[in-house]
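Following: one structure in structure tokens, then a few remarks.
Residue numbering restarts at 1 for every chain, and letters A, B, ... go by the order of the sequence lines. No experiment lies behind these values; they were computed from the predicted model shown.
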Protein chains: 2
Amino acid sequence: MGLRERKKWETRQALSWAAVRLAVERGLNNVLVEDIAAEVGVSPRTFNNYFSSKAEAISARHLDRGRQIAAALRARPADESLWEAITHVAVSHAGPDDQRPDPEWTAGVRLMTSEPSVQGEFMKASAAAESELAVAIAERIGADAERDMYPGLVAAAVGAATQVAIQHWLRSDPPVPLTPLLRDALDQIAAGLPQPPTG
Amino acid sequence: MGLRERKKWETRQALSWAAVRLAVERGLNNVLVEDIAAEVGVSPRTFNNYFSSKAEAISARHLDRGRQIAAALRARPADESLWEAITHVAVSHAGPDDQRPDPEWTAGVRLMTSEPSVQGEFMKASAAAESELAVAIAERIGADAERDMYPGLVAAAVGAATQVAIQHWLRSDPPVPLTPLLRDALDQIAAGLPQPPTG
DNA sequence: GATGAAAATTGCTGGTCACGCAATATTGCC
DNA sequence: GGCAATATTGCGTGACCAGCAATTTTCATC
């Protein structure tokens, strides 16, 4: 990657990070685009060259995570079953497996899912990631994502599982780690939803 | 329903409808809030009492549809299995079963899914509807939606199926009816996704 | 019907945002 | 070191969204 692109990438990251941090600290409506730009040392106009809204800046990290999942799927061994590969990739990207989730990350996720003006962009980011995931899935199983719904369905189902798992994770009191929830959700979907889990 | 609420409901519908119609005709950026308000014969300020953005107004009808699905599920006979009931309800709300989908509706859906500034609100509407659907599901099977992920998962899966079906439906050329696609998507999810459909 | 309380509509306004455009500064290549 | 490509910036504009207070409309009660 050229120096030029590297620097662009860095400013982008810095802006996104600053947006999240400030919004978590003060609440989103107490953060002006101007503040975020100042934090990074860049003009407000430049902020808008990178992101078309505060919400988009905040959601950018989420989008990157999603893209990483699609990329990671491509890197899984070819002899692994599709669902195994997906489960592995999704779970391993769901953060650390230990009992203490990073409080900053938690706060960021809570921000994205609770603040109405960010929710939309958050979901758009999820959808974009799912879309790339669908392509990766189609490649892996040799299907045509344009013609066949299956890759899209699997991707969307993974997104749905993630979404529900996160939701319950944020609600959990006392806090529980995310990964078991996600694994559980994926398993339920894999089992076919018509049968409620035995219990 | 009192006359008061009825009138509010009517203006709300009128605003939403006008927003969609104008945006489809001219393109969203050529429609001002002022225009929508004028179309309905109401002040621009009043528009914002009903909706906090053009995008929200456009998505309102989609939200209503989703809510109807949740309501319809509650009305299904109790001896029907959950998945049967859901399939029936979802499919029967997916528009007419014939070959010629209402072009206005098609245009509206295409608008909501293609225009970036509406996508977010569109997805928020879907999420809100899914959330209500989850509650209805929990009631039906006697589960606690707060504690158990299953209702949320089923609701999210239905949303995912709908989303993917719509996507393929919009892409289809020559146009195909939506309902078979939706039924297919739901069936695939019901069957458990790890097994690609035989073919 | 008339009346008064509750609620909806409206105009005004301030703060913010997002973007087009043109000028300027920076970068990377030769 | 100079040049072309690209990034940053400042400025200006049009639009949006919400708070507030005033006005109009609705509805329940007499």
Side-chain angles (χ1 to χ4, degrees), chain A residues 1-20 22-23 25-60 111-112 115-122 124-125, chain B residues 1-20 22-23 25-60 111-112 115-122 124-125:
Chain A
M1 171 159 39
L3 195 153
R4 203 164 200 147
E5 292 184 18
R6 164 174 241 90
K7 190 162 187 181
K8 274 201 88 163
W9 183 83
E10 282 172 356
T11 351
R12 191 185 161 84
Q13 292 295 108
L15 283 170
S16 173
W17 181 258
V20 173
L22 290 177
E25 279 178 7
R26 316 183 192 166
L28 185 59
N29 346 19
N30 301 324
V31 179
L32 276 49
V33 167
E34 191 185 342
D35 301 330
I36 303 170
E39 184 85 2
V40 177
V42 104
S43 88
R45 183 63 184 84
T46 296
F47 173 89
N48 270 69
N49 289 342
Y50 283 88
F51 301 106
S52 69
S53 70
K54 275 184 290 181
E56 190 181 319
I58 290 173
S59 308
L111 168 68
M112 291 190 282
E115 196 78 31
S117 59
V118 188
Q119 283 171 8
E121 283 299 325
F122 175 73
K124 276 169 72 173
Chain B
M1 175 158 39
L3 193 156
R4 204 168 199 144
E5 292 182 19
R6 163 173 241 92
K7 190 161 189 183
K8 274 201 90 164
W9 183 83
E10 281 171 357
T11 11
R12 189 185 164 87
Q13 292 296 107
L15 284 170
S16 174
W17 181 257
V20 173
L22 291 178
E25 280 178 7
R26 313 184 193 164
L28 185 59
N29 342 17
N30 302 324
V31 179
L32 277 50
V33 167
E34 191 184 342
D35 300 330
I36 304 169
E39 184 85 3
V40 176
V42 103
S43 87
R45 183 61 184 86
T46 295
F47 173 89
N48 269 47
N49 289 340
Y50 283 87
F51 301 107
S52 67
S53 70
K54 274 184 288 182
E56 190 181 318
I58 290 172
S59 308
L111 168 68
M112 291 190 282
E115 194 77 33
S117 59
V118 189
Q119 283 171 8
E121 283 298 324
F122 176 73
K124 277 169 72 172

Next item on the list: Kindly determine whether A/Tyr50 and A/Glu56 satisfy side chain to side chain contact (heavy atoms under 4.5 Å, CB included), including the steps that lead there.
Entry: CA-CA 9 Å; A/Tyr50 283 88; A/Glu56 190 181 319; over 6 Å; no
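A donor-acceptor distance shorter than 3.5 angstrom exists from the side chain of A/Asn30 to the backbone of A/Arg26, with no hydrogens or angles considered.
Proximity of B/Ser43 to the phosphate of C/dT10: a side-chain N or O atom is located under 4.0 Å from OP1 or OP2. Note on B/Thr46: a side-chain N or O is less than 4.0 Å away from OP1 or OP2 of C/dT10. Phosphate contact (OP1/OP2 of C/dA8, side-chain N/O of B/Lys8, threshold under 4.0 Å): present. Between A/Lys7 and the phosphate of D/dA7, there is no side-chain N or O to OP1/OP2 separation shorter than 4.0 Å. The side chain of B/Tyr50 contributes no N or O atom lying less than 4.0 Å from OP1 or OP2 of C/dA8.
A distance of 10.5 Å separates CZ of B/Phe51 from CD of B/Glu121, quoted to the nearest 0.5 Å.
Taking atom CG of A/Asn29 as the reference point, atom C1' of D/dG19 lies 14 Å away to the nearest angstrom. Whole-Å rounding puts the A/Glu56 CD to C/dA18 P distance at 9 Å. At whole-Å resolution of the value, CG in B/Asn48 and P in C/dC12 are 16 Å apart. The interatomic distance linking B/Glu34 (CD) with D/dC17 (P) rounds to 14 Å, in whole Å. As a whole-Å value, the separation of A/Arg45 CZ from C/dA22 P is 13 Å. Note: CD (B/Glu10) to P (C/dA8) measures 15 Å, nearest angstrom. The CZ-C1' distance, from B/Phe51 to C/dA8, rounds to 15 Å in whole Å. Rounded to a whole Å, the CZ atom of A/Phe47 is 11 Å from the P atom of C/dC19.
Taking for each of B/Val33 and A/Asn49 the nucleotide of DNA chain D with the nearest heavy atom, the 5'-most of the two is the partner of A/Asn49. Checking B/Leu32 against A/Gly41, the closest nucleotide of DNA chain D that is more toward the 5' end is the one next to A/Gly41.
With B/Lys54 as the partner, the side-chain contact (heavy atoms from CB on, under 4.5 Å) test is satisfied by one option alone out of B/Val118, B/Val33, B/Asn29: B/Val33.
Residues A/Thr11 and A/Thr46 form no side-chain contact, since every pair of their non-hydrogen atoms from C-beta on lies 4.5 Å or further apart.
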